[in-house]
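These notes concern the structure reproduced below.
Here the structure is a predicted model, which is why all the values come from computation and not from measurement.
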Amino acid sequence: MTAPKAATAPRSLTLGTPFRYLVILLVVGVTLVPLLFTVLGGFRSNAQLNNSPAGWPSPWVFSNFSEVLSSSVFWRAMGNSAFIAVVATFLAVAAGAMAAFALSRYQFKGREGFYTLFTIGLLFPVSAAALPLYLLLRQMGLLEQPLGVALPEAAFSLPITIVILRPFMHAIPGELEDAAAMDGAGRLGFFWRILLPLSRPALTTVAILAFVTSWNAYLLPVLVLSDPSDFTLPLGVAAFQSQYAQDTARILAYTAASMIPAIGFFVFAERRIVGGLTGSVKG
C-alpha cells in the first residue's frame with residue numbers, strides 16, 4: 001500500500017493581502033473607468049450626456065463613430081501618427097541596439113560613465129528641451145516635417161532602450177562569441193547573426209514601448225507641426241475638440257477611435273513586454 005499523500009496546507013492570508021488587492025482594484029478602476037466613459041460616451045447623444053453623464057447608452061447612437069471613421073481628416077492623422085511612430089521606433093531600436101552592444105560587450109575607458117549618462121536621460125523631461133530643440137530643428141530645416149518629430153522622439157526613447165537591452169545582451173555567454181570568432185565571424189557578424197536573434201524578446205519590448213510612446217506623444221508634434229494636414233492623432237483630437245466644442249458625444253467618439261489602435265497594440269503585445277523586461281532583470 002502506498003502512503004496517503006499529505007494534505008497541502010492552505011495558503012494563509014496575511015494582513016497585507018487585502019490591502020494588495022485593494023490597491024490592484026483601485027489601479028484597475030482608475031485605468032479602466034475613464035476608458036469606458038470615453039468609449040461608451042461616443043455611443044450616446046449630447047442629450048443623454050447632459051441628462052446623465054455617467055449613464056448607459058439608451059438608445060445606442062452609432063452615427064458618432066460612423067462620422068468620425070468616414071472622415072478623411074481622421075485617417076490622414078492616423079497615417080501621420082503611424083509613419084512617425086514607425087520611423088521613430090526603427091531609429092530608436094537600431095541605435096539603441098548598437099549602443100547597448102558596445103556598452104555590454106566591449107571594455108573601454110568611461111564605459112560605465114556613458115551608461116550612467118543614458119540612465120540619467122530617463123529623468124530628463126521633453127518639456128525642458130522644448131526651446132533649444134525648436135531652435136535646433138529650425139536651423140536644420142526640419143520644422144513642418146515628420147522627421148522633425150520622429151528624430152527627437154527616437155532620441156528620447158534611447159535611454160529606456162539602452163537600459164533594457166544592455167543587461168540582456170550582457171547576459172549572453174561569452175562562449176558564443178568565442179565560438180563565432182573561431183568560425184570566422186567578426187564582431188559585427190556576431191552582433192548581426194547571433195546577438196540580435198537571441199535578444200529578440202528585449203528588442204520586441206523596446207520596440208513596443210517606443211511605438212506606443214511615439215503614438216501618444218503630444219508635445220513634440222505640437223512643437224514642430226502647425227499645418228493641420230500634418231497633424232498626428234493627439235493633435236487631431238485637440239483640433240477636433242476646438243472645432244466641435246459643443247458636440248461632446250462626437251468628441252468622445254473621436255477620442256475613443258484615436259485610442260483604440262494604441263490600446264489594442266499594447267494589449268496584444270503585453271506578454272512580450274513582460275518577457276523582455278523579465279529577461280533584462282535576470283541579465
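- Residues Ile194 and Leu176 approach most closely at CD1-O, 4.4 Å, considering heavy atoms.
- In this structure a side-chain-to-backbone donor-acceptor pair under 3.5 Å is missing from Ser214 to Ala210.
- The closest side-chain donor-acceptor pair between Glu144 and Ser226 falls under 3.5 angstrom.
- Ring geometry for Phe62 versus Phe43: interplanar angle over 60°, hence perpendicular rather than tilted (30 to 60°).
- A donor-acceptor pair is defined here as one N or O able to donate and one able to accept, closer than 3.5 Å; such a pair exists between the side chain of Asn80 and the backbone of Ser229.
- When atom types are taken as modelled, the side chain of Asp230 and the backbone of Leu225 share no donor-acceptor pair closer than 3.5 angstrom.
- When atom types are taken as modelled, the side chain of Arg166 and the backbone of Phe101 share no donor-acceptor pair closer than 3.5 angstrom.
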What pairs of donor and acceptor atoms, side-chain ones from residues 233-244 against any protein atom, are under 3.5 angstrom apart with sequence neighbours left out?
{"residue": "Ser242", "atom": "OG", "partner": "Ala238", "partner atom": "O", "Å": "3.1"}

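- Partners of Trp56 according to the side chain to side chain contact (heavy atoms under 4.5 Å, CB included) rule, which considers only residues two or more places apart in sequence or in another chain, are Leu40, Trp60.
- Although no hydrogens or angles enter the test, the distance criterion places a donor-acceptor pair under 3.5 Å between the side chain of Arg111 and the main chain of Tyr106.
- Side chain of Asn64 to main chain of Arg44: a donor-acceptor pair is present (N/O by atom type, distance under 3.5 Å, no hydrogens or angles).
- Judged by distance alone, with hydrogens and angles left aside, the side-chain atoms of Asn46 form a donor-acceptor pair with the main-chain N or O of Ala249 at under 3.5 Å.
- Closest of all the heavy-atom pairs between Gly96 and Thr161 is CA-CG2, 3.9 Å.
- Atom CD of Glu177 is separated from atom CZ of Arg187 by 5.0 Å, given to the nearest 0.5 angstrom.
- Met78 and Phe211 fall within the same hydrophobic cluster, where Ile, Leu, Val, Met, Phe, Trp and Tyr residues are linked whenever their side-chain heavy atoms come under 4.5 Å apart, directly or through other members.
- Criterion: ILVMFWY side-chain heavy atoms under 4.5 Å apart, direct or through other members. Under it, Phe156 and Met140 are part of a common hydrophobic cluster.
- Here the side chains of Leu35 and Met259 are in contact, with some heavy-atom distance below 4.5 Å.
- To the nearest 0.5 angstrom, Glu112 atom CD is 9.0 Å from Thr119 atom OG1.
- More than 12 heavy atoms of other residues, nucleotides or ligands sit less than 6.0 Å from atom OH of Tyr115.
- Rounded to the nearest 0.5 Å, atoms CZ (Phe168) and CG (Leu203) are 8.0 Å apart.
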Could you walk me through whether Val222 and Leu219 satisfy the side-chain contact (heavy atoms from CB on, under 4.5 Å) test, starting with their C-alpha distance in whole Å, then the side-chain angles of each, then the deciding distance to 0.1 Å, before giving a yes or no? CA-CA 5 Å; Val222 79; Leu219 181 57; 4.3 Å; yes
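- Nearest approach of Leu223 to Ala130, heavy atoms of both residues: CD2-O, 3.5 Å.
- No more than 12 heavy atoms of other residues, nucleotides or ligands shown are found within 6.0 angstrom of CG on Leu188.
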For a side-chain contact (heavy atoms from CB on, under 4.5 Å) check, start with the C-alpha distance between Val87 and Leu147, then their side-chain angles and the critical distance, and finish with the verdict. CA-CA 8 Å; Val87 173; Leu147 282 179; 4.0 Å; yes
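- When all heavy atoms are compared, the tightest approach of Ser157 to Ala92 is CB-CB, 3.9 Å.
- The minimum heavy-atom distance linking Ser258 with Trp215 is given by the pair O-NE1, 3.6 Å.
- To the nearest 0.5 Å, atom CG of residue Leu133 and atom CG of residue Leu220 are 6.0 Å apart.
- Val61 and Val68 fall into different hydrophobic clusters, where Ile, Leu, Val, Met, Phe, Trp and Tyr are joined by side-chain heavy atoms under 4.5 Å apart, directly or via other members.
- For the pair Arg105 and Phe190, the minimum side-chain heavy-atom distance is below 4.5 Å.
- Residue Gln246 qualifies as open at atom CD: its count of foreign heavy atoms under 6.0 Å is 12 or below.
- Under the 30°/60° scheme for interplanar angles, the aromatic rings of Phe108 and Phe114 are found to be tilted.
- Between Thr205 and Ile208, the closest side-chain pair of non-hydrogen atoms is not below 4.5 Å.
- The 12-atom threshold is exceeded at CZ of Phe65, counting heavy atoms of other residues, nucleotides or ligands nearer than 6.0 Å.
- With Ser66 contributing its side chain and Ser63 its backbone, the two residues share a donor-acceptor pair below 3.5 Å.
- Between the side chain of Ser70 and the backbone N or O of Glu67 there is at least one donor-acceptor pair closer than 3.5 Å.
- Atom-to-atom distance recorded for Gln145:CD and Ile84:CD1 is 10.5 Å, nearest 0.5 angstrom.
- Contact check for Leu143 versus Tyr134: side-chain heavy atoms found under the 4.5 Å cut-off.
- Placement of Leu209 and Leu123 in two distinct hydrophobic clusters is found when ILVMFWY residues are connected by side-chain heavy-atom separations under 4.5 Å, directly or transitively.
- By the rule that hydrophobic residues join a cluster once side-chain heavy atoms approach within less than 4.5 Å of another member, Leu142 and Phe231 end up as members of one cluster.
- Of all the heavy atoms in Ala202 and Ile164, the pair that sits closest is CB-CG2, 4.4 Å.
- Between Ser104 atom OG and Leu165 atom CG the span is 9.0 Å, to the nearest 0.5 Å.
- For Gln48 (side chain) and Pro57 (main-chain N/O), no donor-acceptor pair under 3.5 Å exists by modelled atom type.
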Could you check Thr232 against Val149 for side-chain contact (heavy atoms from CB on, under 4.5 Å), going step by step and ending with a plain yes or no? CA-CA 10 Å; Thr232 59; Val149 181; 5.6 Å; no
